[in-house]
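Since we're looking at a predicted model, the values are computed, not measured. Throughout, residue positions are numbered sequentially from 1 according to the sequence presented.
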Amino acid sequence: MDTEALQQRIEDLEIRLAHQEYTQEEQARIQMELQQANADLSRQVQWLRDRLRELEERGGGPEGAEPPPPHY
């Protein structure tokens, strides 16, 4: 192989490497965003569970539901 062909091959490999590095960085960023969203959703679900438990303890759950008003 001549020097020009080797230089072109090196450039092609460097380009591929740069693309792979960019893709890995993007994946890591997206994974962090998804982990944060998952943590936020977990907190929301826990809050909803706690709120539901409070309502059920106060008699606002399905067992203690009030009958509909007479006009229904």
Side-chain angles (χ1 to χ4, degrees):
M1 287 188 142
D2 62 351
T3 306
E4 215 174 288
L6 286 174
Q7 184 63 33
Q8 183 61 44
R9 187 170 178 195
I10 290 171
E11 286 178 22
D12 291 343
L13 290 172
E14 287 175 340
I15 290 170
R16 288 177 64 189
L17 178 61
H19 283 275
Q20 287 178 345
E21 287 174 343
Y22 173 79
T23 300
Q24 286 176 337
E25 289 170 4
E26 236 354 68
Q27 287 176 338
R29 182 186 64 77
I30 290 170
Q31 183 178 8
M32 278 183 38
E33 288 175 6
L34 290 173
Q35 286 174 338
Q36 182 61 46
N38 188 34
D40 292 344
L41 289 171
S42 293
R43 280 191 294 276
Q44 289 176 7
V45 167
Q46 186 59 49
W47 182 86
L48 288 170
R49 284 180 180 157
D50 294 343
R51 182 75 174 124
L52 180 60
R53 189 174 299 118
E54 286 176 23
L55 291 173
E56 287 175 344
E57 287 173 358
R58 286 191 221 161
E63 300 83 29
E66 293 183 26
H71 62 280
Y72 278 113

From [atom1] ([X]) to [atom2] ([Y]), nearest 0.5 Å:
X	Y	atom1	atom2	value
Q31	N38	CD	CG	11.0 Å
Q20	L13	CD	CG	9.5 Å
T3	I10	OG1	CD1	10.0 Å
T23	I30	OG1	CD1	10.0 Å

Original post:
Any ion pair linking R29 and E33 (charged N to carboxylate O, less than 4.0 Å)?
Top reply: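 A salt bridge is present here (some side-chain N lies under 4.0 Å from a carboxylate O).
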Original post:
Does any donor atom in the side chain of Q44 or D40 lie under 3.5 Å from an acceptor atom in the other side chain?
Top reply: no
**OP:** Could you check D50 against R53 for side chain to side chain contact (heavy atoms under 4.5 Å, CB included), going step by step and ending with a plain yes or no?
**Re:** CA-CA 5 Å; D50 294 343; R53 189 174 299 118; 3.2 Å; yes
Subject >> Reference residue L52; test side-chain contact (heavy atoms from CB on, under 4.5 Å); the match among R49, E56, E54 >> reply: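 Result: among R49, E56, E54, E56 is the only option passing the side-chain contact (heavy atoms from CB on, under 4.5 Å) with L52.
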Original post:
Do D2 and L6 come close enough that some side-chain heavy atom pair is under 4.5 Å?
Top reply: no
Original post:
Would you say Q35 has more than 12 foreign heavy atoms packed within less than 6.0 Å of its CD?
Top reply: yes
